[in-house]
Amino acid sequence: MDAAASLLRELTPEQRQAVTHVTGPLLVLAGAGSGKTLVITRRLAYLVAHGIAAESILAVTFTNKAAREMKERIGRQVPADRLWVSTFHSFAARVLRREIHPLDYPSSFSIYDEADRAAVVAAVARELGIDTDLVPPAAVAAAISRAKNDLVSPREFEDRAVGHFAEQAARIYVRYEHSMKSAGALDFDDLLLKLRELLREHAGVRERWCRRFEYLLVDEYQDTNAIQYELVHLLAAAHRNLCVTGDPDQAIYTWRGADIRNILRFERDFPDARVIKLERNFRSAANILKAADAVIAHNVHRKLKRLYTDAPDGARLLVIGAFSEADEARAAVRLVAEHVAEGGRLRDAAVFFRTNALSRSLERAFLEAAIPYDVVGTVAFFERREIKDVLAYLRLVANPADDLSLLRALNTPPRGIGARTVEHLRSFAMTTGLTLRAVLDRIEDVPGLRPGPRRALLAFRALLVDVAARAAAGPVGDLIAHLIDALDFADHLARQAGPRAEECLENVQELLASAREFERRAGGSDLVSYLEDVALVSQADLYGGTEDRVSLMTIHNAKGLEFDLVVLVACEEGMLPHIRSIQSGADAIEEERRLCYVALTRARRRVCLIHAATRTVAGLLGSPRMPSRFLNEIPPEVLECRSTHRWCDPLPETPAPDAAPAPDARAAVAGPPAPELEPGQLVRHELFGLGRVVRLEGRGRGRKVRVRFHTAGERLLVVEYARLVAVT
DNA sequence: CGGATGGTTCTTTTT
DNA sequence: GAACCATCCG
């Protein structure tokens with residue numbers, strides 16, 4: 001029992017209670033920074049240490065990354081290989097692979113992401129001859145998603161439809177479902193819905209999984225939606241060994257169907273539930289906590305909760321007024337540079353923003369300052385065009401009914417199959433009720449094809465047959481490598497992507513590497529599970545290498561993370577709270593306030609809030625901007641206000657050697673030793689690609705190098721930070 | 001058919 | 001500023 005005893009070390013009495021609670025319902029209301037993750041991992045390890053079989057435990061987290069980390073942490077204390085830790089969506093997909101048969105789907109079903117759904121909606125709208133100006137596909141896609149979350153079937157949707165948009169959306173919804181079904185495809189909402197259907201209507205399946213998982217834990221319960229709520233209750237109904245954790249003040253996903261009431265009514269759902277509040281904050285300096293507390297206190301619809309800390313006040317929160325977004329970005333860079341100069345590491349600093357578009361000016365500024373950064377999920381890796389192109393072939397092989405993937409692969413790279421040919425194929429498919437893949441097999445019967453396209457189609461079919469054979473024979477990595485080769489993909493990218501070709505090719509190489517990595521991690525190379533893995537990665541999953549870089553991300557992506565320094569940009573009316581929320585009313589404003597709360601409580605030591613007086617939105621300079629109302633909600637005594645004109649120039653100097661950061665931090669920032677540089681030397685920069693050294697300037701730590709990059713133009717970089725690699 | 005060109009229209013947050 | 005489109009020409 002030594003292992004079990006060590007699991008209780010260094011816990012507060014409340015934390016200990018939560019960890020040692022074994023049977024029956026448990027609600028852990030965990031304030032920001034109160035050690036929630038610690039409690040969850042310790043508790044799961046505690047269960048295993050007390051003889052509960054790991055495979056009978058299911059833990060649901062918000063991202064796959066959180067799942068992986070949690071599993072790893074537990075694994076350090078007890079054997080955790082057989083523990084199921086995953087997101088709702090991954091969990092659903094995993095169960096459906098084994099159980100979906102009664103719903104008349106193939107177990108190799110495709111998973112369609114948001115972009116795929118939009119494409120299907122657009123295609124369906126076109127088929128139905130619907131004017132996409134009056135009925136925008138994006139709005140229809142959103143309406144369909146909302147309907148699914150509210151358990152509204154296409155038929156019910158149709159019955160309720162009032163007005164042109166709703167009526168047309170209803171027609172599209174009906175046809176969309178049909179199209180998904182015949183493609184053997186599920187969208188994100190379907191994953192949860194189909195699992196719900198199975199558990200409700202197929203007693204055998206229900207019993208199997210309810211018996212299998214005797215202990216359930218759901219993290220971030222405040223952000224579960226109605227279907228997730230129902231799934232949890234279906235699975236826990238028999239044994240009621242259900243632990244949920246969360247914080248209503250950190251609910252930031254109501255816009256996609258999450259319902260805070262799920263967590264608020266837990267005690268009513270389970271009157272005998274044990275409720276444990278974790279209110280002591282171990283993360284933030286007291287001033288930061290005071291500010292966050294004061295802001296969130298303005299929310300009316302709220303369960304009262306008080307966070308406290310023994311930590312010292314720390315610095316005041318810095319509020320900076322900038323002129324423009326460029327000015328703001330420079331201020332952010334300067335703050336990060338100062339953090340490093342004071343001995344901090346880049347990986348302990350983060351810049352948060354409300355919308356993705358705001359990352360651009362920041363990226364430019366950090367690039368210019370040659371400070372390495374990581375952007376979490378701007379264009380998510382797996383949504384890149386070249387990646388989706390390659391994956392389309394794999395998806396098609398895994399699920400030949402997947403028409404969307406076929407259409408994508410059909411003429412990428414261009415092989416002489418144009419819109420007219422596609423129309424012939426589609427109308428033949430429509431009249432015969434065949435999938436496009438099946439139409440290819442009967443290409444001889446398709447009327448109206450000219451010899452050129454017909455030959456191209458035959459070649460395409462032969463390619464698919466070849467790829468399918470290889471898929472059956474070898475690992476996914478080999479398959480991708482073969483595809484890149486067989487498609488002449490490098491050549492294709494060079495033609496299609498122009499100056500970005502190299503970057504695209506690198507992405508494709510990265511895909512190959514990730515497939516190999518998957519083979520290692522999963523210990524197998526099953527194509528279907530690889531594609532599932534790919535489809536369900538979240539933006540946050542791809543973030544967080546071991547490298548020392550400053551993090552740039554949306555507040556939503558910051559959930560669950562913590563940093564010494566947090567810079568929050570665009571603290572303006574219209575951005576935070578966002579204009580759309582201002583327009584949609586009080587509840588939306590409260591969610592924006594929770595976002596602000598989440599942002600503030602990520603910080604351990606230092607918070608800087610920046611607002612700009614002007615900002616270009618959609619290429620246009622907007623009207624003057626007001627500082628965010630949330631800034632006014634912070635008590636002035638914990639604030640320090642500045643404007644950039646007294647403060648921001650001159651630009652940050654590289655710290656002098658004697659004022660240098662601690663050796664370990666410096667080493668981390670500097671990375672590998674700089675290569676010997678001289679004019680004419682060919683070098684590679686991680687972001688700018690290949691270039692040639694023009695000139696060296698200065699000496700010592702501040703030494704700079706001017707490089708003319710093939711694609712990124714000429715740039716002046718600090719040698720120490722630029723991480724140039726000499727190319728011979 | 002495919003690539004290039006120029007015009008138009010957006011931008012909240014994401015599993 | 002970029003992503004998406006419609007249109008035109010080789």
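In what follows, chains carry the letters A, B, and so on, assigned in the order in which the sequence lines appear, proteins first and then strands, with residues in each chain numbered from 1. Everything numeric in this text was worked out from a predicted model, so none of it was measured.
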Whole Å only: how far is the CD1 atom of A:Ile555 from the P atom of B:dT14? 11 Å
Rounded distance (Å) that lies between atom C1' of B:dT13 and atom CZ of A:Phe188: 15 Å
For A:Leu595, report the nucleic acid contact type (base, sugar-phosphate, nothing); a contact means any heavy atom under 4.0 Å. nothing
Taking the six-membered ring for Trp, is the centroid-to-centroid distance between A:Phe489 and A:Tyr393 below 6.0 Å? no
Rounded to the Å, how far apart are A:Trp255 CH2 and B:dT13 C1'? 4 Å
Roughly, in whole Å, what's the span from CG in A:Leu192 to P in B:dT14? 18 Å
Rounded to whole angstrom units, what separation is found between the CG atom of A:Leu536 and the P atom of B:dT14? 17 Å
A:Ser90 near the nucleic acid: base, sugar-phosphate alone, or nothing, with a heavy-atom cut-off under 4.0 Å? nothing
Identify whether NZ of Lys or CZ of Arg in A:Arg256 sits under 6.0 Å from the centre of the six-membered ring of A:Tyr253 and within 45° of that ring's axis. yes
Does any donor-acceptor pair link the side chain of A:Arg580 with the base of B:dT12 at a separation under 3.5 Å? no
Lys/Arg N to Asp/Glu carboxylate O, A:Arg330 vs A:Glu325, below 4.0 Å: no
Indicate, yes or no, whether a donor-acceptor pair under 3.5 Å links the base of B:dT12 to the side chain of A:His578. no
Are A:Tyr253 and the base of B:dT14 stacked, counting only ring centres nearer than 5.5 Å and planes tilted under 30°? no
Output yes when A:Lys559 and A:Asp223 qualify as a salt bridge under the 4.0 Å nitrogen-oxygen rule, no when they do not. yes
Heavy atoms only, 4.0 Å cut-off, all strands: where does A:Asn411 land among base, sugar-phosphate and nothing? sugar-phosphate
